Each structure stands twice: as C-alpha cells, then as structure tokens.
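Order of listing sets the numbers, starting from 1, for every ligand and every atom in it. Just so it is clear, the model here is predicted, and its values are computed rather than measured.
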Amino acid sequence: MKLIMLGAPGAGKGTQAKMIAEKYNIPHISTGDIFRANIKEGTELGKKAKSYMDAGGLVPDELVVDLVVDRVGQADCKNGYVLDGFPRTIPQAESLDAALAKTGDKVDYAINIEVPDQNIIDRMGGRRACVACGATYHIVNIPPKKEGVCDKCGESLILRDDDKPETVKKRLEVYHEQTEPLIKYYKAKNAEVEIDGTMDMNDVFDAIVKLLGA
Ligand code: AMP
C-alpha cells in the first residue's frame, strides 16, 4: 500500500501517518523529519534546508525529490509506505509518479486531511516537538506526561521555529499556493480520499482505516 498524506501543515498528517505505519507495518517517511535530522547533524543538506524551513517556505524540489525517490526504492518499502510531507508541489508529485511508473507502480491513496485554516493556527501554537526523536505533542490535545519532556526518549520539547505564529501564517499561504493543487492532481488519478480532520485523532484514524478497507 503506497500512501500519501495531503493536508495543510498542522492538519494532523504526521500523527495519522505514524498510526497508519504502525497498523499496516509499513515505513513512515517524513521529509520534514529527514530535514530536521540533517539540521541536527549539521549536514550539507541540513544547512541548505534550514533557511527555507525557518522562513516558512518550501525547500527547493531538487533537494527533496532524489532523497525521497531513493528512500522509497529501499528494501523496507517493498510492501508500501506512507509519505508524510511529500509531495508538496506538482513537480514533486510528477517526479514521484515517474519514478514509480518505472516499476509499474503508482500511489494507491492520497489521503487528504481537511482542516480549516483557523483550526490550524490554533493547533500549531500548542504543538511541541522533541528535539531528539521528532515525536510531537500538543499542550492541550496530546500533552506529554511531564511538561516539556518527551515521553519516548526523555529529551526536551520545543516550539519549532516553523510552528511560530508568523511562520504558520506564511506556511498556510505556501500550502494554498503550492500544495493544495495536489488535491486536484490526485483526484484526476482517482487516488484522492477526503477525511474530516477536525475530528478527534482516533476518529480520524478510524475513518482512514475504513476508507483503506483493511
Ligand atoms: P513538515 O514537518 O512536513 O511540516 O515540514 C517542515 C518543513 O520542511 C516545511 O515547512 C518545508 O520547509 C520543509 N519540507 C518538508 N517536506 C518538504 C517537501 N516535500 N518539499 C519542500 N519542503 C519540504
């Protein structure tokens, strides 16, 4: 099962992608996590990506496409995967499709999690992420057991630069301009499915599982 998560930043793609990956035993591939890991390690890729991310913009396609195409070609992706945060532009989607077509593959479902902008703004201000393992929390909806500390690895939780209010506004603009057109793109391929992302995260997950029919 080859899945893509669509939706605005903060719509809950990451949370749902992790739950899907666990249930169906497929890798969860988050380009945002890959970039953040590279920034932390101080790699060349990380250095290049950071300025775009901190400004709320997208990292250029050429820095992300090869990375994802390589990743989905690895052995653990043989039975499928869930892509979270990729594609984010039409050229990225086209590159992915072209790479998959070489082995007669295609994206099975593009799961579009719909949440109005105002809900996103409210949600993202409360989001906290672990500096070490990338686990995400929300101060109201998914609080960690101990404030400011990751349940999974004990490291500190932070408000990511790209979750700060001014950056969120910019990220929503970028989403509407560059990523939202993907809904139409996957609709035309009969791959797009829509989920009401304002529901409780477990209800969103149940709706996804129902749609996937497994
Ligand atoms: P995310 O964790 O998916 O919200 O991603 C955080 C940031 O990483 C985004 O705001 C972008 O700057 C960058 N990013 C992640 N995935 C992509 C992508 N597919 N294309 C371009 N930039 C990306």
Side-chain angles (χ1 to χ4, degrees), residues 2-18 20-21 27-41 43 45-72 81-100 107 110-113 115 117 119-121 123-138 142 157-183 185-186 197:
K2 297 179 179 66
L3 306 176
I4 282 174
M5 305 305 294
L6 291 180
K13 297 190 298 291
T15 306
Q16 296 301 327
K18 281 176 201 151
I20 292 169
H28 164 217
I29 302 170
S30 156
T31 43
D33 284 352
I34 294 172
F35 287 135
R36 281 184 289 275
N38 275 274
I39 290 172
K40 203 167 159 244
E41 286 160 23
T43 67
L45 176 66
K47 282 180 199 149
K48 285 185 188 154
K50 188 174 182 340
S51 55
Y52 299 99
M53 292 170 72
D54 286 351
L58 293 185
V59 174
D61 289 344
E62 59 270 24
L63 290 184
V64 66
V65 167
D66 291 351
L67 185 141
V68 173
V69 169
D70 275 2
R71 180 67 190 89
V72 299
Y81 42 82
V82 51
L83 284 178
D84 164 17
F86 184 96
R88 256 184 161 97
T89 64
I90 297 277
Q92 289 182 13
E94 288 171 346
S95 301
L96 176 67
D97 280 350
L100 292 178
V107 169
I111 302 168
N112 174 22
I113 305 186
V115 178
D117 282 9
N119 298 39
I120 302 266
I121 292 164
R123 278 184 189 185
M124 283 171 93
R127 200 147 87 158
R128 297 292 180 271
C130 175
V131 287
C133 74
T136 48
Y137 300 85
H138 189 280
I142 327 168
L157 301 182
I158 52 152
L159 175 64
R160 287 180 355 202
D161 282 340
D162 59 356
D163 284 343
K164 291 184 173 151
E166 61 281 11
T167 318
V168 171
K169 216 174 138 252
K170 168 76 181 157
R171 293 178 74 198
L172 282 170
E173 278 168 30
V174 169
Y175 167 74
H176 290 300
E177 251 168 56
Q178 303 201 50
T179 307
E180 207 170 24
L182 290 175
I183 295 174
Y185 178 91
Y186 286 109

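- When the options Leu45, Val59, Asp161 are evaluated for a side chain to side chain contact (heavy atoms under 4.5 Å, CB included) with Lys50, the one that passes is Asp161.
- Within 6.0 Å of atom OH in Tyr185, more than 12 heavy atoms from other residues, nucleotides or ligands are found, so the atom counts as buried in its surroundings.
- Using a 3.5 Å distance cut-off with no hydrogens or angles, the side chains of Asp61 and Ser95 do not pair a donor with an acceptor.
- Atom CG of Asp84 is separated from atom CD1 of Ile111 by 11.0 Å, given to the nearest 0.5 angstrom.
- With sequence neighbours left out, Lys18 forms a side chain to side chain contact (heavy atoms under 4.5 Å, CB included) with His28, Thr136.
- With respect to Arg128 and Asp163, no salt bridge is recorded, no charged nitrogen being found less than 4.0 Å from a carboxylate O.
- For ligand 1, the protein residues placed under 4.0 Å by at least one non-hydrogen atom are Thr31, Gly32, Phe35, Arg36, Met53, Gly57, Leu58, Val59, Val64, Gly85, Phe86, Arg88, Gln92, Arg160, Asp162, Arg171.
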